[in-house]
Amino acid sequence: MSRANGAPRPRPGDPPITPELVEDHGLSPSEYELIVEIMGREPTFTELGVFSAMWSEHCGYKNSKRLLRLLPTTAPWVIQGPGENAGVIDIGGGWALAFKMESHNHPSAVEPYQGAATGVGGILRDVFTMGARPVATLNSLHFGDLEGARVRYLLAGVVRGVGDYGNCVGIPSMGGEVHFDRGYEENPIVNAMCLGIMRCDELIRGTAEGVGNTLMAVGARTGRDGIHGATFASEELSEGDDEASRPQVQVGDPYTEKLLLEASLELIASGEIVGIQDMGAAGLTSSGAEMAGRSGTGVEMDVARVPVRAEAMTPYEILLSESQERMLVVARAGREEAACQILEKWELEAATIGQVTDRGTFRVLEDGVPVAEIPALPLTEGCPAYERPGEESGEVRALRAQDISRYGELSGDDLRVAFLEVVGTPAVASKQWIYEQYDTTVRASSIERPGGSAGLIRIPGTDLGVAASTDCNGRHCYLDPRSGAAGAVVEAARNVACTGATPLAITNCLNFGSPLKAEIRHQFREAVLGIRDACAHLETPVTGGNVSFYNETDGKAVYPTPVIGMVGTIADVANVVGHSFRRPGDAILLLGHNRGELGGSEYLYALHGVVAGEPPRVDLEAERALTRCLPAMAARGVLGSAHDVATGGLAATLAECCLGRPRTGWPVGASLHLHDALPPAALLFGEDHGRVIVSASPADEAEVREIAARHGVPCTPIGTVGEERSSLRIHLRGESLELPLDLLADRYFGAIPRAMDDEP
Amino acid sequence: MSRFRVEVLVTPRPGLLDPEGGAIHHALASLGYDEVAEVRVGKAIYLEVAADSAATAAARVEESCRRLLANPVTEDFTVTVRGEA
Amino acid sequence: MSRFRVEVLVTPRPGLLDPEGGAIHHALASLGYDEVAEVRVGKAIYLEVAADSAATAAARVEESCRRLLANPVTEDFTVTVRGEA
Amino acid sequence: MRIAVITFPGSNCDQDCHRSVEAAGATAVPVWHREISLGGTDAVIVPGGFAHGDYLRPGAIARFSPIMTPVVEFARAGRLVVGICNGFQILCEAGLLPGALLRNRSLRFQSHDCALRVERSDTPFTSRYREGQVIRMPLAHADGNYYADRGALEELESEGRVLFRYSDAEGESTEEANPNGSLNRIAGIVNEGGNVLGLMPHPDRAIDLALGSQDGLPLFESLVDSVHQRTPAQMAAAEGRALAGTAR
Ligand SMILES: Nc1ncnc2c1ncn2[C@@H]1O[C@H](COP(=O)(O)OP(=O)(O)O)[C@@H](O)[C@H]1O
Ligand SMILES: [Mg+2]
């Protein structure tokens, strides 16, 4: 194949490299100079395309990698930290858990159904290319206000896309979150997370090892989809962009994905291959270059051998296409036939396109004629990293400083009405309409399905359970990115701990506006520091993640939204704790204490249209104690239920504890006495961190209190579980509310269906 | 006022992957229909529309295609009046 | 041997409930298209078929409709040769 | 005893059925769709999933897989066949069961628990249930809306071939309890011979209390009992009825 050894020359028809062309490729003049220096010559058009993809924000992390280095990434249980397709941790019993989260915000804004679907496809591939079988997904969605017709269209399309893709591949959804706030009006956030399991010794890395080994393109054919998708994902959307973006819509094919999944796992188990990688963003370019870069070898491929779907594709197009459901496989020399047999069984197309070399370069031929040759390491690692200073926006500082105390005072019927309204805002209301479109029970391992505190699945054939939760309150992050991001970590940890599982590690998806703005850089830096502090305290290292910048339209950025995906384990799923009250007569206890922090709350937003105040403080020591205390209680079997307090405050949590899941028996009432000296609305709707509502039988109450005391967690009895189909009664200083359960259920379960069901 | 039968055909835009078409193509081939060279799948929508004239009926339906019946990002459409109901 | 463009329209049998058609009808009405009296939704399948004649192409495709492309319990179909490719 | 679990490309409940069979005390034998023999197995399960991506119509392409020839012969011989969810759709497309499964009335994929009333306990698939028993299990499908023309529907009802009907928790089969628009709230039926069962909900996801329900396990246990007990005369009778049914 190396019959032509000369240096690549421009192809006929290549445009000349001008400063404008360089700029169109998203490269700065100084970056271009660096490229020329690396190459020792001017790059060809094809090479420029390759650099532009690899040095885009999406692949090159140029505005984030310095800060990301601050994150804690190690712990004895971490097998694979950041840098691979997915992070991997040891979860005991010889099992390893691979997990990762990714964003598909821009594609979902352009075409919600395909954008979300292909997002799920990509994250599944990241997990199964590590050798792990995907066992569950989660998703984190942030939209504008649900009143808007476009938001409803986006929500309906995104949910259908997430569902259709994961359902077809047969991966259960175990949870997620959905927020609604005008901060996301133009730019929805669509993040998907996947968890996979494998035996610890089955781990495979995305490397191209062994000179002479064979590169194979496997799966779907390469078309002209999403060329420059990687750069596109890194550029702000602007008015009138729809037209230009059209060819960049990629269509997902979950059926081919399912075949790829089975074939990949069989290939890995067979030992016929040494490496495998998804052709994700920047397609063949990033998969080839990264595999070469990681193993310090080189690769050579001939684009004429790549199976294509469209006619007359140029090397530039083939290298940069983002057609979905494709993989690059490195087969052992001499074992190609055996690998092909496995692929044939799964009805997948495979083509030999090149080999591993010792040239240290990413080398591309077209029908034997060299068209690109770039040193692999500088291509993957040499992208310049920027860390320009940030500065907080004065507007945000002013919002945070606003006095919101007057909103805390409410009484009588106003308080009752507010309670019902908070429980019925789309952000708080049940997400049943959404998660019932996701298969949540396939694989017959779902112990805690969506609708509770966190999802939890059992590893088949064992008692071992894996819990996961995705969380981020973007409004809190907007008002204070550091405490907001730390809050996302502790909320996710609390959700996991409520099931009885011990939080172990996180992945993340950092969704921000343009890093070219000082205020966004400030947000990003603060958020990373918040995650760093929280993860360090909770001993939940970061094993991977994703950065999505440029989530802006016409200069207006989304709220800073660092979504956290937390995973944890429980040794015996028999000890898993549900979120809702179970037995009349059980004691209800509050772990942590009420502070009445209304800043950035759903109550202020939904009832007063206000986004202001100091968001809830995060006490990392208290959170650490709380997330250790809950698994200890669960292991003793003394909890009837546990549910954390977050969006919507105590009101939302208590309503959920009473209402339980839809379609599973009747809701149960409760009677509560809250003695805190706080304004009533602040007490009921404040989103103060560090709180969990638990219930326990009268016989177990003492032990619950004792375990809490041992962990230094405040534990206050606040009431008793009532009868089925009765009401939720709350007495606070001078006020008393009675909320019939059928009314609460109507608000909580009815809000999103009422908004959505008229949609086509 | 008459009532017109209008046929709307919605097809995936050229260049976009059509996995359903591909799967049908594959299935036809394995049933022995190897003379089939390409398959694309779209939607057929039949409407009965009250209007003064066929032209008005077509115009209204075309407008509704742009707004609702077809997804401009991924689909093309054609509108044909097939006669009176 | 020529290559023919063949259009297959597969429609729900009359009398069969068509919830998708119903939903589109409802959506059109709420967008103000209240002149639309009925909506039914089917599938359009476009094939390119090699054959000696249009008639052979049509016959082969009709056969494939009976075997695969349409479900006789719930669907009717029409086959039209739309010309050469 | 060995029960075949067929895997089509796109099947995704084959492992769940495998575990269910083993939980009922039999051996599950994985059978790839390109096989041309059932390898002497005693019963067949066609599992759920998205065989061939459900492209065109669920089950439409899968029914032409090579393995379906022996499956159809097996069924026509009066042997026991169960199709769950996508498996039910495939058996309908293959003509082993009457009717079709249309898009859910909601037009959405639906995934949630449902309650079913067991209509008969004197069949090979339901002997471990009580007649009238209300059972719970998950359903997860976009096309579960059972349809058959009036004649076929009357026949199903008059011959007592509806085995499972959607109901409320008290066993009332009301329209509110109908999740997908199925005619007569039908969730599961058998063929003329009574030896081929198709149902939309997932007994294979309800075999263990940790999953929320073990109401699906008796279905697999009934199947295993029946294979053990089935006499040649019963099979011949089923075969005769199955053939008579096809002739109609
Ligand atoms: N997009 C989604 N996909 C799946 N499950 C979801 C989604 N959104 C919310 N849920 C589920 O609904 C429940 C409540 O979600 P949320 O209100 O975000 O809870 P919390 O505030 O406790 O994290 C959780 O069990 C969650 O997993
Ligand atoms: Mg949340």
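To find a chain, count down the sequence lines: A is the first, B the second, and so on, and within it residues start at 1.
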Could you check C:R67 against B:Y33 for side chain to side chain contact (heavy atoms under 4.5 Å, CB included), going step by step and ending with a plain yes or no? CA-CA 11 Å; C:R67 289 178 67 193; B:Y33 298 96; 3.3 Å; yes
Most heavy-atom pairs under 4.5 Å with chain C, out of B:H25, B:E35, B:M1, B:E7, belong to B:E35
Exercise. Under the side chain to side chain contact (heavy atoms under 4.5 Å, CB included) rule, what do C:F77 and C:K43 come out as? Steps first, then yes or no, please.
Key: CA-CA 9 Å; C:F77 64 86; C:K43 234 180 307 214; over 6 Å; no
Could you go through the side chain to side chain contact (heavy atoms under 4.5 Å, CB included) check for B:T11 and B:R40 one step at a time?
-> CA-CA 8 Å; B:T11 51; B:R40 294 191 65 82; over 6 Å; no
Turns out that what part of B:R5 lies under 4.5 Å from chain C's heavy atoms comes down to neither
Cut-off 4.5 Å, heavy atoms of chain C, and the answer for B:E63 is both
Given B:A50, B:A57, B:A51, B:G21, the one with more heavy-atom pairs under 4.5 angstrom with chain C than any other is B:A50
Comparing B:L28, B:V8, B:L47 against chain C, the one with the most heavy-atom pairs below 4.5 Å turns out to be B:L47
query = So B:L9 and C:Y46, side chain to side chain contact (heavy atoms under 4.5 Å, CB included) or not? Walk me through it.
reply = CA-CA 11 Å; B:L9 298 182; C:Y46 302 90; 3.4 Å; yes
So CG of C:N71 and CZ of C:R66: to nearest 0.5 Å the spacing works out to 14.5 Å
